[in-house]
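The structure appears below as structure tokens.
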Amino acid sequence: MKVIAESVGLGGLSDEVALAMASDVEYRLREVAQEALKFMRHGKRTRLTTADVNQALRLRNVEQLYGFSSSAPLRFHKAAGTKDLFFVEDKELTFQELMDAPLPKCPREPTLAAHWLAIEGVQPAIRQNPSEEEASEILGYSRVSLSGKRKRALHPNADASSSSFVDGSSSTPTDGSVSSDSSPKQKPTVQEYLSKELQVYYQRITSALLGPSVDLAEKAVASLQFDVGLQPLLPYFARFLEDEIADNLRDLERLWPLLKSLRALLANDSLHIDPHLHHFLPALCTCIVGEHLGRETEDHWSLRNYATEVVADLCVKFADTYETLQPRVSMTLLRAFLDPSKSFATNYGGIVGLTKLGVYVIKLMILPNIGVYYDELLQPILAPESADEAMDERTDGDDMPSSSSSSSSDSTGAQRVYSALLEAVGVYLRAEAEHCKLLLSRKREGGARDAEGDQEDSEERRHATIRGENPAQAQVKQDDVEESDDESDSEDDPFGELCSGELWQVLSRVFGESLQQFLQPQTIAPAVLMDSLI
């Protein structure tokens with residue numbers, strides 16, 4: 001106490017005063033220490049920190065100590081000339097030194113960044129996630145395999161014998177050790193571990209699809225459609241089909257099994273296809289509207305028809321998940337249909353694809369464009385004499401160019417397009433005929449109900465008179481019921497009016513008597529349907 005008093009300029013302190021002050025200081029220190037221990041216990045800690053002492057001083061309304069922190073250890077020095085006196089050396093700083101010191105760097109603003117912890121159960125190899133070495137140090141064992149052998153991931157273009165490790169190594173260690181090659185190797189974004197069985201399965205399926213044996217290809221397609229547990233291989237199959245279809249557009253023998261395998265994958269209920277639609281749709285659309293499929297003498301029309309069926313099934317299956325899928329596909333096919341610079345094969349694919357999408361698509365996208373398409377592109381090839389007469393009567397200013405080529409290939413393509421248009425009109429007319437038949441049956445039932453209703457009305461009026469009611473009020477109630485029945489019948493009409501008289505004249509001019517095959521008497525009388533059309 002005498003030393004501290006002398007440091008503040010109070011010399012000559014008596015022993016009695018020093019002893020009394022020492023006891024009081026000891027009491028105050030014990031009190032602060034007890035309060036600091038309370039803060040330590042409430043903090044669920046076992047080590048006392050300077051922050052606990054500062055909190056105790058604040059609780060006692062005492063100014064807290066500055067310059068002490070838990071991260072910096074305190075170094076006590078023994079005071080010279082004393083036995084048990086220690087102190088912490090404080091460096092004296094001048095304001096000039098503080099002013100000359102460089103400013104610290106501004107702290108970085110807190111930000112948030114999202115990254116994938118796992119994708120379908122596989123951890124991506126990105127810098128935010130721990131690497132294999134770091135995970136091994138944290139977990140205390142390797143995540144590669146308990147037996148020390150790495151599982152291998154098969155690349156879509158590699159076979160089972162030449163498959164590489166996920167980290168890029170090209171040989172399989174037999175003793176469980178990691179290769180000592182220190183050359184830099186690029187790691188994939190997503191690590192995919194495939195068992196040896198899946199690798200062999202992938203190799204066998206791809207070899208069968210690309211091989212010459214038709215029987216093996218059919219068995220491979222059946223396996224893809226019904227086997228379960230193929231989800232890990234789905235990304236590889238999707239990329240394989242996309243690449244192979246693009247590379248074999250001129251080889252129909254390979255395109256057929258590839259398209260069948262694609263449809264088999266879509267039909268497999270155990271697979272989650274949604275993330276891989278962007279691989280399937282471009283390949284399918286290419287098979288539908290591609291200008292050059294196979295050789296000129298080969299039947300690429302059947303392949304286009306098959307591809308349209310697959311696209312139609314795909315639009316139906318994922319209509320609820322992707323609401324814009326069918327409109328986008330429809331617009332792609334419509335552009336292929338109406339583009340005069342494209343070949344007839346491309347126009348044919350667009351027409352057949354739109355026809356497969358349903359009656360409403362035919363009504364909105366095919367029927368309004370038949371007349372112009374026929375006059376500008378089909379008539380000059382199918383009926384050159386009629387085209388010359390129409391050119392004389394046609395006004396100037398038409399934008400669509402007409403073709404004057406009469407080669408055999410153009411003639412065949414024009415015939416195919418004409419048949420496709422006729423089939424689309426036939427699908428629509430058959431659907432409308434069934435609808436008209438349904439309406440006529442309802443009208444006949446309604447006429448029978450009217451005859452019965454007249455008798456019931458007279459009975460109702462007679463009973464109303466007997467009950468003392470006004471017969472006019474009873475008639476009003478009956479009329480309201482009949483109006484509600486008529487409204488319900490009109491709401492059941494899914495098509496409305498088929499087409500205007502002008503459009504029907506266009507269809508008759510283009511197809512002529514060929515339309516009569518869709519107006520069969522066993523379905524509905526042609527005269528009745530004509531009255532509903534015009």
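Residue numbers count from 1 along this sequence.
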Supply the atom-to-atom distance [X] [atom1] to [Y] [atom2], rounded to the nearest 0.5 angstrom.
X    : Y    : atom1 : atom2 : value
R127 : H115 : CZ    : NE2   : 9.5 Å
R250 : N248 : CZ    : CG    : 12.0 Å
L224 : N268 : CG    : CG    : 8.0 Å
L262 : L255 : CG    : CG    : 11.5 Å
D251 : I245 : CG    : CD1   : 12.5 Å
T332 : L354 : OG1   : CG    : 10.0 Å

Which heavy atom of [X] sits nearest a heavy atom of [Y], and at what distance?
X    : Y    : value
H300 : L293 : CB-O, 3.4 Å
P130 : Q123 : O-NE2, 2.9 Å
L357 : S330 : CD1-OG, 3.3 Å
R254 : L258 : O-CG, 3.1 Å
L117 : P124 : O-CD, 3.5 Å
L209 : A217 : CD2-O, 4.3 Å

If you define the side chain from C-beta out and look only at heavy atoms, does anything of [X] sit under 4.5 Å from [Y]?
X    : Y    : answer
I370 : Y373 : no
L333 : T308 : no
R263 : Y306 : yes
F344 : L378 : yes

May I ask you to decide if [Y]'s main-chain N or O and [X]'s side chain share a donor-acceptor pair within less than 3.5 Å?
X    : Y    : result
E423 : V352 : no
N129 : W116 : yes
S207 : R204 : no
K260 : V221 : no
D339 : R335 : no
Q231 : H272 : yes

(request) Go through the steps to decide whether D313 and K317 satisfy the test salt bridge (Lys or Arg N to Asp or Glu O under 4.0 Å), and finish with yes or no. (result) CA-CA 6 Å; D313 295 342; K317 183 175 182 179; over 6 Å; no
(request) Please say whether the positively charged group of R509, taken as NZ for Lys or CZ for Arg, lies over the ring of Y374, i.e. under 6.0 angstrom from the six-membered ring centre and within 45 degrees of the axis. (result)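 The answer is no; the distance or angle limit is not met.
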(message) Tell me whether the rings of Y322 and F318 are parallel (<30°), tilted (30 to 60°) or perpendicular (>60°).
(response)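 Plane angle between 30° and 60°, so tilted.
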(message) Tell me whether the rings of Y202 and Y236 are parallel (<30°), tilted (30 to 60°) or perpendicular (>60°).
(response) perpendicular
More than 12 non-hydrogen atoms from neighbouring residues, nucleotides or ligands closer than 6.0 Å to [atom1] on [X], yes or no?
X    : atom1 : answer
E309 : CD    : yes
D215 : CG    : yes
E323 : CD    : no

(request) Please name all residues satisfying ring pair (Phe, Tyr, Trp, His ring centres under 6.0 Å) with Y418, sequence neighbours left out, ordered by chain then number. (result)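 If we apply the ring pair (Phe, Tyr, Trp, His ring centres under 6.0 Å) test to Y418, skipping adjacent residues, the hits are F511.
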Could you give the side-chain donor-acceptor pairs of residues 279-291 under 3.5 Å, partners two or more places apart or in another chain?
from	atom 1	to	atom 2	distance (Å)
H279	ND1	E242	OE1	2.6
T286	OG1	P282	O	2.7

